[in-house]
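Taking it in order: structure first as structure tokens, then the write-up.
Below, chains carry the letters A, B, ... as their sequence lines are ordered, and counting in each starts from 1.
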Protein chains: 2
Amino acid sequence: MSTVTSTSRSAPTPTDLGVGARLSLHPSGGVATVLADAYAAADASGVEVTADDVSTLVRGSEADVLRFVQQVVATGARLAGHAVAHVHLSRGCPGEVACELPDDAVLAWADAPELPATGLRATAQWALYPLDDGRPGHPGDHMRAIEQAVAVARTRATVSPERFVTRLDGDLADVLGAVAAGWLAAGRHVRHVVAHATVSVGSAPEG
Amino acid sequence: MSTVTSTSRSAPTPTDLGVGARLSLHPSGGVATVLADAYAAADASGVEVTADDVSTLVRGSEADVLRFVQQVVATGARLAGHAVAHVHLSRGCPGEVACELPDDAVLAWADAPELPATGLRATAQWALYPLDDGRPGHPGDHMRAIEQAVAVARTRATVSPERFVTRLDGDLADVLGAVAAGWLAAGRHVRHVVAHATVSVGSAPEG
């Protein structure tokens, strides 16, 4: 991860910048041992992993977080035959309700990670939220940031517009890579950027 | 639903205003018949329901959408003993990538629905995205809108701050009611407001 700030003090860490994910994994059949095995098999180097009763918080650099998330989801899908995951990626707001980053620690650029192909077909419904308030004389333009991110995603996965979300199809690596690339493209101009993706790996229909 | 616009033309419909939800339900055990039964048992009056291979799109007024979502999730949890749902509520941007509401159709106020108690304990991790670009001379303030929405949610459910999300505990009706009330409170000042909540009904842990 390359880090750029507008001051010469030491570079903020991913934790300073609020980088991380929340992951909830739903293997087909819902077997608890599948969940435990999927998390245990993933490479947790560089990430801090905290499970609670709703989701698992994963904190670290963008590349480490994405690698860990992909490995958990891939293993869960392989063990169960089908899995759905909800992936929530956040950066730029490390706190809880409060968002207390200093204004000069805005943009730490990170390149989108190159995730290894899995051989697993995936479909995601992805939404991106660039929380750009604008500044005096320069209103924000969250739809422009979203359009730019969708263009970036299109270089990695098959993209289709749907109501409220963008659909992504491809290898799990392409789909998660597209989500990450769009999130990080928006993060070059907006500090607080959140992505949500519901990712289905396998073929069981909803509803 | 009461509708206020700045012109005297006919009030925009919920579909004009892009009101709706995406719901993905994961009953413990993942049995397809549980999903089918949960959707079939819900009162679909006033809503348009479209399932795809990732989620189910529910469109209608805020009150009708929330009623339907609560009934599906409650039935799924009762039939399976435990369920997790991902609920994605959106308003103010009816299109797909493009967001083409006229500027004078911004704010259609809707009261937060009163959902009937279910007797089911629920926990949600909730995030709210008021996509407020600001306007010339008036930067947006998405964190203020979030803080106000959390204060509204606190009147309905037990609220705890967590990383990236706000935790809500209570009866499923209180939890979904808090999510809806916060979403609609933000919608009084911001046109495009999205809420995401991962809702666990029952007790099986993640991870």
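In this structure, chain A has a heavy atom under 4.5 Å from the side chain of B/Val194, while its backbone stays farther away. Neither the backbone nor the side chain of B/Ala38 comes within contact range of chain A; no heavy atoms are under 4.5 Å apart. In this structure, chain A has heavy atoms under 4.5 Å from both the backbone and the side chain of B/Leu131.
Separation of atoms NE2 (B/His142) and NE2 (A/His142) is listed at 12.5 Å; rounding is to 0.5 Å. The distance from atom CZ of A/Phe164 to atom CZ of B/Arg59, rounded to the nearest 0.5 Å, is 7.0 Å. Of the inter-residue distances, the one linking A/Thr198 atom OG1 with B/His26 atom NE2 reads 6.5 Å to the nearest 0.5 angstrom. To the nearest 0.5 Å, atoms OG (B/Ser24) and CD (A/Gln125) are separated by 8.0 Å.
Judged by distance alone, with hydrogens and angles left aside, the side-chain atoms of A/Arg22 form a donor-acceptor pair with the main-chain N or O of B/Arg163 at under 3.5 Å.
Applying the side chain to side chain donor-acceptor pair (under 3.5 Å) definition to pairs two or more places apart or across chains, those involving residues 171-185 of chain A are A/Thr118-A/Asp171.
The greatest number of non-hydrogen atom pairs below 4.5 Å with chain B, out of A/Asp141, A/Val199, A/Val72, is found for A/Asp141.
Using a 4.5 Å heavy-atom cutoff, the side chains of A/Leu57 and B/Glu162 are not in contact.
Taking B/Tyr129 as the reference, A/Tyr129, A/His196 meet the ring pair (Phe, Tyr, Trp, His ring centres under 6.0 Å) condition, with sequence neighbours excluded.
One finds a salt bridge joining B/Arg167 and A/Asp53 here, because a Lys/Arg side-chain nitrogen approaches an Asp/Glu carboxylate oxygen to under 4.0 Å.
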